[in-house]
Amino acid sequence: MTAIDEYVSALADRLRGPAIYTHRVLGEVEAHLQDASDALVQGGWAPDEAEREAIARFGDLKTVAAGFNRDAPSGGAALTLRALVGAAGLLVGVGLLTVGVSAVASYALSRITSPQQVFGLPSHASVSAASCAHWLAVQPAATGCASAAALEARDDLTMYLGALGVVGALILALALVLRTRALPVAALSPLLVPTVAVTMFAGAAVALAVLGVTDARIGNTWGQGMWFVQSACALAAAVVAAYPLLRSFRGAPSAPRQAG
Amino acid sequence: MKGDRTGGNLDLLILSVLSAGEAHGYEVIRRLRDASEGEFDLPEGTVYPSLHRLDGQGWLSSSWDSSGPRRRRVYALTEAGRAQLADATAAWHRLSLSVNTVLGARA
């Protein structure tokens, strides 16, 4: 660990205020010290000596931390709560939007293949005569009970899940508009939302794949192809959410550290 | 490093050096030192809280700049900051004139 790393880490331990503030301070201090050290090295200083001199010119830790803490914005629990609401809005919005996208994808797949391959009743499902009569009544183009069940499932699920997608898009748009001021998601640890999102979407992908493999029926929801499409959409969302985590693990060279 | 010799006028000086164009904190400190011919060679860590305060007051705007080899927070004077700089500069000249007048009267 270099002298600058040690100084920034020690400063992180002394800083108070919301994470969005300490994140900014530490990023600025680190960049400043590295700039100052680089300038000294260019002036002929040895790198180790240059770092120590840059730190000395910046000021002693106690005084510097006190200066930052004196002007630290108050926020505390209220800010964190608003940030959590914003993060929840983002996650719920993305989740519902993914549901909507999977509904459209399932519908498209059913047009390419057949409604029964995507929305077909499980072969082991028991169906009452009354249900069959109902499906055949509302799906006059169906050739039989199984065909009617698949067409009815396709129409209903596409409509309901698609509507959820529209709601998700609206929530997401609202959360994005409000996230910098009213719902400051950036006040949270930058890895929190991606970590929750990856866990949520990867878990959903596995669960939906299990439903697909077992050709499950949950109430009026069924369709082996649909479960697999939803699983694939959830997996895609998990991969997208994992991107910031992968960047972090690789160690972006100038990423500011978080306060301890 | 000579300690803070700005006489409590650091905010005014920061607004003034930023009127020449946006800059990150390290550059602000360098401009202060160069423009004062070394007189305002401040403990560098003391400048950032002032930058943050001016940013919070709306006299500066700031954003991260990732175009260089490392990410820096860049500050720019806002219209409100420009107006504040004009007011504070006029007030400083009035004060300076008054002080000089009093000192001159004693000489």
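Convention: sequence-line order gives letters A, B, ...; per-chain numbering from 1.
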Most heavy-atom pairs under 4.5 angstrom with chain A, which of E27(B), R72(B), R73(B)? R73(B)

Contact winner vs chain B - V25(A), D38(A), D60(A), T63(A), heavy-atom pairs under 4.5 Å: D38(A)

Where does N69(A) contact chain B at under 4.5 Å (heavy atoms): side chain, backbone, both or neither? neither

Whatever's closer than 4.5 Å to a heavy atom in chain A on S66(B) counts as neither

Ring-plane angle category for H32(A) and Y48(B), please: parallel below 30°, perpendicular beyond 60°, tilted otherwise. perpendicular

Any heavy-atom pair between the side chains of I29(B) and R57(A) that's under 4.5 Å? no

Compare all side-chain heavy atoms of V29(A) with those of E44(B) and state whether any distance is below 4.5 angstrom. no

Taking only residues at least two apart or on different chains, which pairs with a member in residues 82-106 of chain A satisfy ring pair (Phe, Tyr, Trp, His ring centres under 6.0 Å)? none

Once you round to the nearest 0.5 Å, how far does CZ of R70(A) lie from NE2 of H52(B)? 13.0 Å

Partner residues of R33(B) under the side chain to side chain donor-acceptor pair (under 3.5 Å) criterion, sequence neighbours left out: none

Chain B: which of A54(A), A36(A), A39(A) shares the most heavy-atom pairs with it under 4.5 Å? A36(A)

Please report the closest heavy-atom contact between F68(A) and G45(B), naming both atoms and the distance. CZ-O, 4.3 Å

In terms of side-chain geometry, is the basic nitrogen of R30(B) or D35(A) positioned less than 4.0 Å from the acidic oxygen of its partner? no

Looking only at the side chains, is there a donor atom on one of E28(A) and H24(B) sitting less than 3.5 Å from an acceptor on the other? no

Considering only heavy atoms from C-beta outward, does the side chain of S62(B) approach that of R24(A) to under 4.5 Å? yes

